[in-house]
Amino acid sequence: MEEVWGDKAWERKYSALIIIMSVTVVETFMNVFFKMLVESEEYIIHREWVNADINKRVCIEEKLRKWPIAVFGQCIQFDQGAGQQFQAIKMIRNFLVHFTSKHETVGVLDGFIEGMADTTEYDALKKEDAILAVRSTEGMIEEVLKVSGVNEVQLVGAIHYWTGKPG
């Protein structure tokens with residue numbers, strides 16, 4: 001696998017895939033974690049609206065901002081730490097997934113190309129972006145676990161349970 005990281009084309013491809021999957025992992029975690037939570041007696045009052053949000057497929061942004069405060073009375077901080085890192089990764093992911101085409105005409109050899117896609121963000125990807133994506137995913141899951149009331153002693157085990165990351 002190390003040889004992949006030395007090849008710039010493969011580095012961009014793997015980094016893009018890891019970034020896209022990292023955001024998906026956090027959203028999947030939110031859905032599963034809260035779905036399990038609202039089935040318990042303590043949180044059953046939240047079951048209807050959490051399930052409604054899942055069924056409506058509300059965006060990850062809304063889940064991260066709304067669910068922890070509504071269920072636990074605590075919010076995730078997005079202006080620092082793991083929340084800020086995850087927001088940065090999510091912005092890159094959104095650019096990669098929801099890219100736009102430029103409506104410019106470029107002359108090449110004997111013809112023209114119209115509507116070229118802007119690949120600036122993709123072209124700039126590197127191994128460090130992939131590493132940051134994985135770390136920010138783990139950090140965001142850790143933040144949700146913390147606001148849910150998981151204490152420092154339980155945190156290592158809970159992170160291992162949800163991510164497979166050894167303590």
Side-chain angles (χ1 to χ4, degrees), residues 1-2 4-5 10-100 121-122 125-167:
M1 187 67 160
E2 193 59 39
V4 167
W5 293 114
W10 279 100
E11 194 168 311
R12 283 191 303 271
K13 289 175 190 177
Y14 275 98
S15 294
L17 178 61
I18 290 167
I19 289 166
I20 292 166
M21 291 303 299
S22 292
V23 175
T24 303
V25 164
V26 172
E27 184 161 21
T28 303
F29 164 76
M30 292 292 290
N31 290 344
V32 173
F33 181 71
F34 278 87
K35 180 80 170 155
M36 289 174 58
L37 199 68
V38 298
E39 294 302 320
S40 71
E41 202 59 42
E42 184 179 358
Y43 297 103
I44 203 162
I45 190 170
H46 304 290
R47 182 193 300 166
E48 190 174 324
W49 69 264
V50 167
N51 286 334
D53 277 1
I54 290 171
N55 291 334
K56 287 188 295 187
R57 297 182 178 164
V58 299
C59 68
I60 186 172
E61 185 76 23
E62 189 172 336
K63 292 172 187 174
L64 287 168
R65 291 192 186 277
K66 178 177 148 186
W67 293 3
I69 191 76
V71 175
F72 308 121
Q74 294 188 49
C75 61
I76 307 269
Q77 298 299 314
F78 291 101
D79 58 346
Q80 62 187 0
Q84 187 176 45
Q85 282 182 341
F86 185 74
Q87 290 294 83
I89 290 300
K90 192 166 64 61
M91 284 178 53
I92 295 170
R93 178 255 184 208
N94 287 347
F95 185 87
L96 294 171
V97 173
H98 305 293
F99 68 91
T100 58
E121 199 74 38
Y122 176 78
L125 291 176
K126 51 196 177 305
K127 177 181 179 179
E128 292 75 21
D129 297 314
I131 292 168
L132 180 61
V134 172
R135 288 188 181 145
S136 73
T137 297
E138 292 168 347
M140 184 53 57
I141 291 170
E142 183 175 331
E143 288 302 308
V144 173
L145 291 170
K146 284 179 183 177
V147 299
S148 77
V150 174
N151 65 42
E152 291 298 321
V153 174
Q154 301 166 323
L155 196 56
V156 172
I159 291 169
H160 177 72
Y161 177 81
W162 285 101
T163 69
K165 181 181 178 181

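Just so you know, residue 1 is the first one in the sequence shown, and it goes up from there.
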Original post:
Can Trp49 and Val71 be said to form a side chain to side chain contact (heavy atoms under 4.5 Å, CB included), step by step?
Top reply: CA-CA 11 Å; Trp49 69 264; Val71 175; 3.9 Å; yes

**OP:** Take Leu145 and Tyr161, measure what side chain to side chain contact (heavy atoms under 4.5 Å, CB included) needs, and give me the verdict at the end.
**Re:** CA-CA 11 Å; Leu145 291 170; Tyr161 177 81; over 6 Å; no

**OP:** Any chance you could lay out the side chain to side chain contact (heavy atoms under 4.5 Å, CB included) test for Ile69 and Arg65, step after step, and finish with the verdict?
**Re:** CA-CA 7 Å; Ile69 191 76; Arg65 291 192 186 277; over 6 Å; no

Original post:
Which is it for Leu64 and Met140 under the side chain to side chain contact (heavy atoms under 4.5 Å, CB included) test, yes or no, and what are the steps along the way?
Top reply: CA-CA 9 Å; Leu64 287 168; Met140 184 53 57; 3.9 Å; yes

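Going from atom CG of Leu155 over to atom NZ of Lys146 covers 6.0 Å, rounded to the nearest 0.5 Å. Rounded to the nearest 0.5 Å, atoms CG (Leu132) and CD1 (Ile18) are 11.5 Å apart. Going from atom CD of Glu143 over to atom OG of Ser148 covers 11.0 Å, rounded to the nearest 0.5 Å. Note that CG of Leu125 and CD1 of Ile19 are 4.5 Å apart. Values are rounded to the nearest 0.5 Å.
Side-chain atoms of Leu17 and Lys13, non-hydrogen and from C-beta on, never get closer than 4.5 Å to each other. The side-chain heavy atoms of Phe34 and Val144, taken from C-beta on, include a pair separated by under 4.5 Å. In this structure, the side chains of Val32 and Trp162 come closer than 4.5 Å at one or more pairs of heavy atoms. Looking at heavy atoms from C-beta onward, Asn31 lies out of side-chain contact with Lys35 at the 4.5 angstrom threshold. No side-chain heavy atom of Gln87 sits under 4.5 Å from any side-chain heavy atom of Gln84. You'll find the side chain of Val50 stays beyond 4.5 Å of the side chain of Leu37, heavy atoms only. Residues Thr163 and Thr137 are not in side-chain contact: their nearest non-hydrogen atoms beyond the backbone lie 4.5 Å or more apart. Contact of the Ile89 side chain with the Val23 side chain is registered, since non-hydrogen atoms from C-beta on lie closer than 4.5 Å.
Across all non-hydrogen atoms, the minimal contact from Pro68 to Ile76 is CG-CG1, 4.0 Å. Ala133 and Ser136 get closest at one heavy-atom pair: O-OG, 3.1 Å. Residues Ile92 and Glu121 come closest through the heavy atom pair CG1-OE2, 3.6 Å. When all heavy atoms are compared, the tightest approach of Met30 to Lys63 is CE-O, 3.5 Å. Nearest heavy atoms, Lys126 versus Ser15: O-OG, 3.0 Å. Of all the heavy atoms in Tyr122 and Ala16, the pair that sits closest is CE1-CB, 3.9 Å.
Residue-environment remark: CZ (Arg135) stays at or below the threshold of 12 foreign heavy atoms within 6.0 Å. Within a 6.0 Å sphere centred on CD of Glu48, other residues, nucleotides and ligands contribute 12 heavy atoms or fewer.
Between Phe33 and Phe72, the ring-plane angle classifies as tilted under the 30° and 60° cut-offs. Ring planes of Tyr43 and His46: tilted class, angle from 30 to 60°.
Side chain of Gln154 to main chain of Asn151: a donor-acceptor pair is present (N/O by atom type, distance under 3.5 Å, no hydrogens or angles).
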